[in-house]
Structures are given as C-alpha cells and as structure tokens.
Amino acid sequence: MKPSVFRTFLLFRTHILTAGIFLCCGIGAMAQTVHTHPQGAAMGKTGTAYLSGSKSPGINPANLMLLDHSGSLYVDLLDISVGTGGDLMNFSVYNQYLTQGRVINREIQNQMLDAWFPRGRTGKVYAGLQVDAMTMGLALRLPNHDHAFSLSHTMRGLVRMGLNRPVLEAGFGGLDNELFGTPSRLSIQAETLLFHDITAGYALTIAENRDGLLFGLPGRLDAGIAPKLLIGTHSMKFRSDSFLTVSGDSLVTHDFNYRVNASGNLANELIAYEQARAENGNNPNPSLSDYLDDPLGDALSPAGTGFGLSLGLNLMLELPDEFLDHPFLGDGRRILRAGLSLTDVGRVPFSKDAATIRHDNILDWQGLRLDNDWIDNEFEGNLDDYIDFVLQDSLGSQVYLGYGSQRNTYHMPLPTQLILGTYLEAGRASAALDFNKGLNNAGLNSRKLMVGAGVEYKIGGWLPVRAGMSVGGKFGTRLSSGIGIYTSRFRFNTAFSGVTSSRNNGAWLGVSFNTTVRL
C-alpha cells in the first residue's frame, strides 16, 4: 500500500503534536540544571575516591576529609556543568540517510531504523539534558580535628525523552498496512525536573592507624553523610502508549492513552481548558493554545519540598616512598584510595496546584473526505486551512484533547547511583577508575553499568592536565579532557567530553568549569 500523506498528517499533527504541547511546556524551562566536577569530568567521569570540596557531598560525602588545609574555608564560585546526549541523538545515522537528498523508500527506511534502533521495534532510544549550577558552596575541615563540614546550594535540572521505533516508522513511511496491519505499539515518554538542592555535608575519620591499617600500610578510613533539602520548582512527566492498526486502504484505528503530571501554571491552564470544553458541552471550539498563556511563568517558584541523602566511605593507604619512583613522576606522596558512595537517594514532591491529566480513547478514521464546495465556501479554496481544521480542530480537539484531570501530589525521583572508585597518586601523576551503577532511570541515569577511567599530570605542580574515557550507561564511548590552574589559594578547572562517533549508542557532549578560593 502506498503511504498516505493525510494519514501521516493524522498521526503527527494530532496525537503526537498534542504530546508536543506537553513536552515543550516542560522542556522549555530546562535550560537550567548532574553532580559532577570538572576534574572528575575530565578524568572519565570519576571522582568517588578523590574529589573534595563543597561539591564532594554530591559525589562522596566522606571526601570532605580530603581538604588539603585544615582550618581553611573553601569557597566554590562559578561552578557549572552541562551534559546532553543519548542514543536518540544519533547524528551519524541522521547525516548518512537524511542529508544526502535521498528518497526514503522502504528499503532505506529499514536500513536507517535498524541502525537507529538496534534493539528492534520494542526497544526505545532516549535523549536527555542535565544541568548543574552551584550558586554557593562552602567547605571547611576543622583545625586539629577529624571533622569536616560543607554547605551548598545548587540549581539542578533533568530532562529525559524516549520513543520507540514504530513512532518513526509512521513518521518516515506513513501509515502503511504492511507495517501496521497488526496492532503496533507506539510509545513516547518525557520527564522534566527543575529544583533547588541545598546540601549540608559532614565527614569524620572513623579509623586511623599509622602503624598499619591494612596490608601493613598506614592509613585512614573516613565516612560522610549529606542530607539534602529539595525544593521543587517545575516538573512535567508525560507518558503515551498507543496501538495503531491500519486495515486495508481506508480504516485507521488508534487505541491511545496518555498521562501527564504537572503543577503550577501548567496544570492550572490545562484544567482551565478542560473546564471550558465542559461548559461548551465538549464542543471543540476552545483552543488549547489560548489557555496556555504563561505555563512556565512560575517555573522558579517553590512547588513542593522533600528530602534526600547521600552516604560515602573513603579508605586511604599511604604507599612507600619508593613506590613508582621515577624522575618523570617526581617527588611527593604515594597514596592509594578507594571510595564507595550512594548518592541522590530521595525524590522531589510537587504539591502546589499539582494535577494528573489522563485520557484514553479509540480513534477509528476512514480518511479525509475532500468537499470542494465546503473548501471553497468556508476556507476560500485553501486546502491547507481545511486540513488544519479537520485534523487539528476537529480530530485533535475532539478526540485527542478530551482529557480529564485530578488534583493530587506526585513525586519525581532523583538519579540515585551506587559508585565504587579507586585513585592512585604518585608524585605529579595520578590515575582513577570508577564503576557507576544507576539504581533508577531518572534523568540521564541508567541501570547499565558505566565504567570511567582517567589520568592527570601536573606540569610544574600548578598546571594539571587531564584525560579520560568512559563506557557503558546510556551512551557510547566518551572521551574527555581538561586542564586546571592551581595556586596556594586559587583553583580553576575546566573539562570537555564527547563521543568520537554517535553511530553506536548516540551522541554526548559535556562541558563544565569551576573556581575555588581558599580563605
């Protein structure tokens, strides 16, 4: 069967564009805020065993005890990290098939989607964004005491979107009964979250032995805890699952359902539209766009308060001075560290004007009937205006936007992670290895194991040069690099990371920098 242009319009200009309304309302606010540090980002997203300072409670709270100078107050300024990517952002496949002037016939479409969706029609691909902007960070290790404290405020944002292969099959190939002759599941989901993270960190030494803590080596074991006050300001969670069937040449059946969680202005305006429809006897005349006057106007206002927690351990062993003794490495301490942390346990509640929007229905459509007299009389002969009216105003409003709502509180989870890391320092050089396991799928988190490794070398003792690599998780192999500038009272770090090719597991781009002053 030849793909029908009108049927493609039906799917992508009604149901999926209805989904787009909710997605844009959420994602539009997320050019704001993962717990990372440019030193760790440059060294392959490591840091569980060595990163210190006010950012460390988000990575491993025990690392507060690693502050170099006891009695000094460390102040973090201009600390920003941004990362975006995912296997949905497969630019290699996109450029190969969609920028060469090719006609996307069935064979080429299958080749393209086979590369884009390696797990077949049931697997999903994702894209996401994480932004972490610390506005204030203080860290202090008490003089002559085995205790350290920190306090920080960070604006964090998480965006995640995913879809499965049949969504793009319908988009590129139309509603073809060869693909959709039997019910095919179309799945779209998206989550956005913006919140304040106010973290208080505390660490202490729980064991120390200069004669031999482990393996006859002198060492110290530190522990830390970091409770978090979480103030949610904006969120949107959208999930759509539907089954699409094309029977013969005329009948399209779309059995769909979707659910939206929203709060604040966005929820109020969606409910106002629902009420306007009810007052008009479910007449589709009210336009949803007329009611979305300012859906993100309160995106920085508190909408719910919750709590979170991070926990960590850090074991340090002092190695003999002759270990890796080489002129290239230079003099200096030889240290082996191992860190274990559980980070971002908790969830952010949304209670202010919060609501759940639900809708499920079945659309049976036998195609677009062209009434030339009506087009001439009512639409001045403009076919596009007629199609807009039928597909958006009639089908879109009458079928897809006939939702119902319920006021209730909902929660958005933090990207909880379990991380094990090691770190070796030998004079001017150091190396790190981390194993990161996501415990949920929030943000860019992944339940698939991620492994990161990196190295650092200090030129002249004040210019650290770093490089690293990470594999696993939601992305392909990422390479990273970065530099720093260190003085006795000032530190500046910056990092960049990306993939060599997006063909396998998609793209990734990360940038971060920070400035630390010791008072």
Side-chain angles (χ1 to χ4, degrees), residues 12 16 19-20 23 26-27 30 34 36 41 44-45 81-100 104 108-131 157-173 184-193 237-241 413 415 417 435-452 468-480 496-511:
F12 282 87
I16 290 180
L23 299 182
I27 294 175
M30 305 322 298
V34 79
T36 190
K45 197 169 172 48
S81 297
V82 180
T84 183
D87 45 5
L88 178 58
M89 299 167 62
N90 197 322
F91 299 114
S92 296
V93 173
Y94 178 88
N95 290 333
Q96 179 180 353
Y97 290 96
L98 300 178
T99 62
Q100 308 296 323
I104 305 299
I108 293 178
Q109 174 186 316
N110 286 337
Q111 292 174 0
M112 176 179 66
L113 296 181
D114 285 345
W116 216 322
F117 294 83
R119 293 181 295 277
R121 299 189 89 206
T122 59
K124 290 183 181 179
V125 293
Y126 294 90
L129 167 72
Q130 296 188 139
V131 183
L158 311 172
V159 179
R160 180 172 179 262
M161 180 180 180
L163 51 85
N164 67 351
R165 176 169 174 161
V167 174
L168 292 188
E169 286 178 336
F172 288 114
S184 297
R185 181 181 180 182
L186 282 71
S187 180
I188 307 172
Q189 66 182 80
E191 297 179 2
T192 70
L193 171 63
K237 180 160 52 175
F238 175 88
R239 183 179 183 91
S240 171
D241 282 297
Q417 299 176 348
F435 300 87
N436 186 312
K437 170 71 172 176
L439 302 183
N440 58 24
N441 288 316
L444 297 187
N445 224 14
S446 173
R447 297 180 187 273
K448 295 169 61 177
L449 182 67
M450 187 190 78
V451 181
M469 180 179 69
S470 56
V471 297
K474 274 190 167 61
F475 313 103
T477 299
R478 285 142 289 170
L479 302 180
S480 55
F496 173 84
S497 60
V499 298
T500 56
S501 171
S502 62
R503 177 166 294 277
N504 296 319
N505 298 313
W508 171 259
L509 175 65
V511 179

Just verifying a value: how many Å separate [X] [atom1] and [Y] [atom2], rounded to the nearest 0.5 Å?
X	Y	atom1	atom2	value
L163	L88	CG	CG	5.0 Å
I108	Y97	CD1	OH	8.0 Å
Q130	S81	CD	OG	10.5 Å
Q96	R503	CD	CZ	4.5 Å
L168	R121	CG	CZ	11.5 Å

- Do V82 and L129 pass the side chain to side chain contact (heavy atoms under 4.5 Å, CB included) test, and can you show the C-alpha distance, the side-chain angles, and the key distance before you say yes or no? CA-CA 8 Å; V82 180; L129 167 72; 4.0 Å; yes
Please find the pair of heavy atoms, one from [X] and one from [Y], that lie closest to each other, and give the distance.
X	Y	value
N440	P413	ND2-CB, 4.1 Å
F117	N164	CE2-C, 3.5 Å
L439	R447	O-NH1, 2.9 Å
S497	W508	OG-NE1, 3.0 Å

Run the side chain to side chain donor-acceptor pair (under 3.5 Å) test against [X] and tell me which residues pass, sequence neighbours left out.
X	answer
N436	Q417
T122	none
R185	D241
S480	none

Donor-acceptor pair, [X] side chain versus [Y] backbone, under 3.5 Å?
X	Y	answer
W116	V93	no
D87	V125	no
R478	G472	yes
T84	G128	yes

- Where do V499 and T477 land on the side chain to side chain contact (heavy atoms under 4.5 Å, CB included) test, with the steps shown first? CA-CA 6 Å; V499 298; T477 299; over 6 Å; no
- Item | Partner residues of R165 under the salt bridge (Lys or Arg N to Asp or Glu O under 4.0 Å) criterion, sequence neighbours left out | D114, E169
- Indicate whether the side chain of Q189 and that of K237 have a donor and an acceptor atom separated by less than 3.5 Å. no
- Task: Test side chain to side chain contact (heavy atoms under 4.5 Å, CB included) on F238 and T192 and set out the steps.
- Result: CA-CA 9 Å; F238 175 88; T192 70; over 6 Å; no
- Contacts of type side chain to side chain contact (heavy atoms under 4.5 Å, CB included), residue S502, not counting sequence neighbours: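 Applying side chain to side chain contact (heavy atoms under 4.5 Å, CB included) to S502 gives N90, F91, S92, A507.
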- Heavy atoms, side chains only, cut-off 4.5 Å: are N445 and R160 in contact? no
- So, do Y126 and N441 sit near enough that their side-chain heavy atoms are less than 4.5 Å apart? no
- Decide side chain to side chain contact (heavy atoms under 4.5 Å, CB included) for L98 and M112; before the verdict, give the C-alpha distance in whole Å, the side-chain angles of both, and the deciding distance to 0.1 Å. CA-CA 9 Å; L98 300 178; M112 176 179 66; 3.9 Å; yes
